[in-house]
Amino acid sequence: IIDYKFVCFNRKPQYLYACSDRGKGTKINFLDLEFKPLPFRKKELPKDNLKKPDNFEKMVELAGILAQDFPFVRVDFYDIEGKIYFGELTFCPGGGLNPFVPPEWDLKIGEMMDLSLAKKDYDRASLLYNQGVIPKSEYDKFYHTYQGLQSQVSGIREQQLAQWQAQKRDVERQIRSLGAEVQRIN
């Protein structure tokens, strides 16, 4: 079974990844919306000869419909014998901590998100709530979405910074060790 995971920014599918061969060396293919390979990956290698499912365009359409209420969401589907099955909606895949290869794609992918849309939704909901047009429960949905996104972005930045600082310390240690080794040889 192949899991088709549509990554949606700003309420629209932007790209997907297809996960296959789970349990026996998972393969992950990153693809554009025309099912062409993208120039990045995660640690898992892509599957050779991955075929586009016949109902792929319908999956793209459904992902777009399900993404309408969210500045960011991953929408998962399965294609089983030509039928589309919904998997799940995921709002922070891997906690945002699974790096891309090459690493510059972490920033490129992150730049796809426009948090101003969540802010506009929140501002609109605040106005409508204050005017008595929508109930507090509806307002709360937008408030929590916006605050949650801000919190996730902040947390991911802090964790990424900590990872980069740890990597920098490791590289500095390796350089000092090599310097000491060169001095010992000379």
Side-chain angles (χ1 to χ4, degrees), residues 1-23 26-33 37-47 56 59-79 84-126 136-168:
I1 295 179
I2 298 175
D3 191 358
Y4 298 93
K5 299 173 176 289
F6 289 83
V7 179
C8 304
F9 287 97
N10 314 316
R11 302 180 177 98
K12 295 186 293 193
Q14 299 294 323
Y15 67 91
L16 74 139
Y17 53 105
C19 299
S20 57
D21 299 335
R22 293 201 173 190
T26 301
K27 305 283 189 213
I28 298 180
N29 294 67
F30 284 87
L31 307 155
D32 68 15
L33 296 180
L38 290 169
F40 57 86
R41 64 179 180 85
K42 298 283 186 169
K43 65 181 179 183
E44 297 85 0
L45 295 174
K47 180 180 183 78
F56 179 73
M59 284 187 208
V60 174
E61 177 188 343
L62 292 170
I65 291 168
L66 292 171
Q68 283 304 299
D69 289 334
F70 309 106
F72 173 83
V73 67
R74 191 191 74 206
V75 181
D76 298 1
F77 297 109
Y78 299 95
D79 171 47
I84 299 171
Y85 291 88
F86 171 74
E88 65 179 351
L89 299 177
T90 303
F91 299 97
C92 195
L97 296 174
N98 297 328
F100 289 97
V101 177
E104 62 266 17
W105 279 93
D106 284 322
L107 181 60
K108 289 179 183 180
I109 297 295
E111 287 175 339
M112 289 181 181
M113 182 178 286
D114 181 359
L115 288 180
S116 70
L117 291 175
K119 175 80 167 102
K120 286 177 189 173
D121 286 348
Y122 167 65
D123 289 344
R124 186 181 70 236
S126 294
K136 183 162 180 4
S137 60
E138 188 69 15
Y139 161 80
D140 285 346
K141 178 177 85 169
F142 292 99
Y143 171 80
H144 292 298
T145 297
Y146 180 61
Q147 294 299 319
L149 282 169
Q150 284 189 314
S151 177
Q152 286 178 355
V153 167
S154 177
I156 289 167
R157 284 183 182 143
E158 288 174 19
Q159 291 173 340
Q160 191 68 51
L161 180 60
Q163 284 179 342
W164 288 337
Q165 289 171 337
Q167 290 171 345
K168 180 183 174 199

By side chain to side chain donor-acceptor pair (under 3.5 Å), which residues pair with Asp79, not counting sequence neighbours? Asn55

Kindly compute the distance separating NZ (Lys12) from CD (Gln14), expressed to the nearest 0.5 Å. 6.0 Å

Rounded to the nearest 0.5 Å, what separates atom OG1 in Thr90 from atom CZ in Phe6? 13.5 Å

Partner residues of Asp21 under the salt bridge (charged side-chain N to carboxylate O under 4.0 Å, His left out) criterion, sequence neighbours left out: Lys47

For Tyr78, check ring pair (Phe, Tyr, Trp, His ring centres under 6.0 Å) against everything at least two apart and list the hits. none

Pair Ile84, Leu62 - check side-chain contact (heavy atoms from CB on, under 4.5 Å), show working. CA-CA 10 Å; Ile84 299 171; Leu62 292 170; 4.1 Å; yes

Return the set of residues passing ring pair (Phe, Tyr, Trp, His ring centres under 6.0 Å) with Phe30 (not counting sequence neighbours), or none when no residue passes. Tyr17, Phe40, Phe100

Partners meeting side chain to side chain donor-acceptor pair (under 3.5 Å) with Asn10 (sequence neighbours left out): none

The salt bridge (charged side-chain N to carboxylate O under 4.0 Å, His left out) partners of Asp32 (sequence neighbours excluded) come to none

Please check if the number of heavy atoms outside Ile65 that lie under 6.0 Å from its CD1 is greater than 12. yes

Is it true that a side-chain atom of Arg124 and a backbone atom of Ser126 form a donor plus acceptor pair closer than 3.5 Å? no

With sequence neighbours left out, the residues meeting salt bridge (charged side-chain N to carboxylate O under 4.0 Å, His left out) with Lys141 are Glu138

Rounded to the nearest 0.5 Å, what separation is found between the CG atom of Asp3 and the OG atom of Ser20? 10.0 Å

Sorted by chain and number, sequence neighbours left out, salt bridge (charged side-chain N to carboxylate O under 4.0 Å, His left out) with Asp76 holds for Lys5, Arg74

To the nearest 0.5 Å, how far apart are CG in Asn29 and OH in Tyr4? 9.5 Å

Could you list the residues that satisfy side-chain contact (heavy atoms from CB on, under 4.5 Å) with Phe86, not counting sequence neighbours? Leu66, Val75, Phe77, Leu89

Please identify each residue that fulfils side chain to side chain donor-acceptor pair (under 3.5 Å) with Asp114, with sequence neighbours left out. Ser116

Residues which pass side chain to side chain donor-acceptor pair (under 3.5 Å) with Tyr15, listed by chain and number, not counting sequence neighbours: none

Main-chain N/O of Asn98 paired with Lys42 side-chain donor or acceptor, under 3.5 Å: yes

Smallest separation among heavy atoms of Leu33 and Pro13, with atom names: CD1-O, 3.2 Å

The side-chain contact (heavy atoms from CB on, under 4.5 Å) partners of Asp69 (sequence neighbours excluded) come to none

Say you draw a straight line from CZ of Phe56 to CD of Glu61; how long is it, rounded to the nearest 0.5 Å? 12.5 Å

Can you tell me how far the CZ atom of Phe70 sits from the SG atom of Cys8, to the nearest 0.5 Å? 10.0 Å

